[in-house]
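Since the structure is predicted, the reported quantities are computational estimates derived from the model, not experimental observations.
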Amino acid sequence: MPRPYFAWVSEEGDRFALLLEDITPATPGNDLTGCSVQEAAAALRNLAALHAAMWDSPDFERSGFLQRFGPQDAAVYQRSIDATV
């Protein structure tokens with residue numbers, strides 16, 4: 001992952017600047033062309049490691065903007081899934 005050197009967000013929240021380290025030869029993904037099975041597997045391993053580090057962290061409760069969903073929310077999600085299939 002690139003190191004962040006500078007980050008700024010306007011008071012209105014409608015403008016931002018983010019300066020990251022150049023990590024050439026790494027390249028960003030492309031939603032249109034997709035990726036190989038090996039790249040997808042590597043992405044999932046890394047994603048799982050990121051989630052595992054914070055799983056059940058009390059920081060989520062204190063954040064004020066992140067919310068946990070429970071069984072009562074299942075019907076809403078199921079309707080969304082059914083609408084896209």
Transitively linked via ILVMFWY side-chain contacts under 4.5 Å: Trp8 with Tyr5? yes
Should the heavy atoms of other residues, nucleotides or ligands under 6.0 Å from CD of Glu11 be counted, would the total exceed 12? no
What residues form a salt bridge (charged side-chain N to carboxylate O under 4.0 Å, His left out) with Arg3, not counting sequence neighbours? Glu21
Please determine whether the number of non-hydrogen atoms from other residues, nucleotides or ligands lying under 6.0 Å from atom CZ of Phe16 exceeds 12. no
Mind listing the closest non-hydrogen atom pair of Pro4 and Leu20 along with its distance? CA-CD2, 3.7 Å
Counting only heavy atoms not in Asp14 (residues, nucleotides, ligands), do more than 12 fall under 6.0 Å from its CG? yes
Linking directly or through intermediates, with side-chain heavy atoms under 4.5 Å: list the remaining ILVMFWY members grouped with Ile23, chain and number order. none
For Asp22, all residues meeting side-chain contact (heavy atoms from CB on, under 4.5 Å), sequence neighbours excluded: Thr24
Out of curiosity, Gln78 CD to Asp73 CG, how far, rounded to the nearest 0.5 Å? 13.0 Å
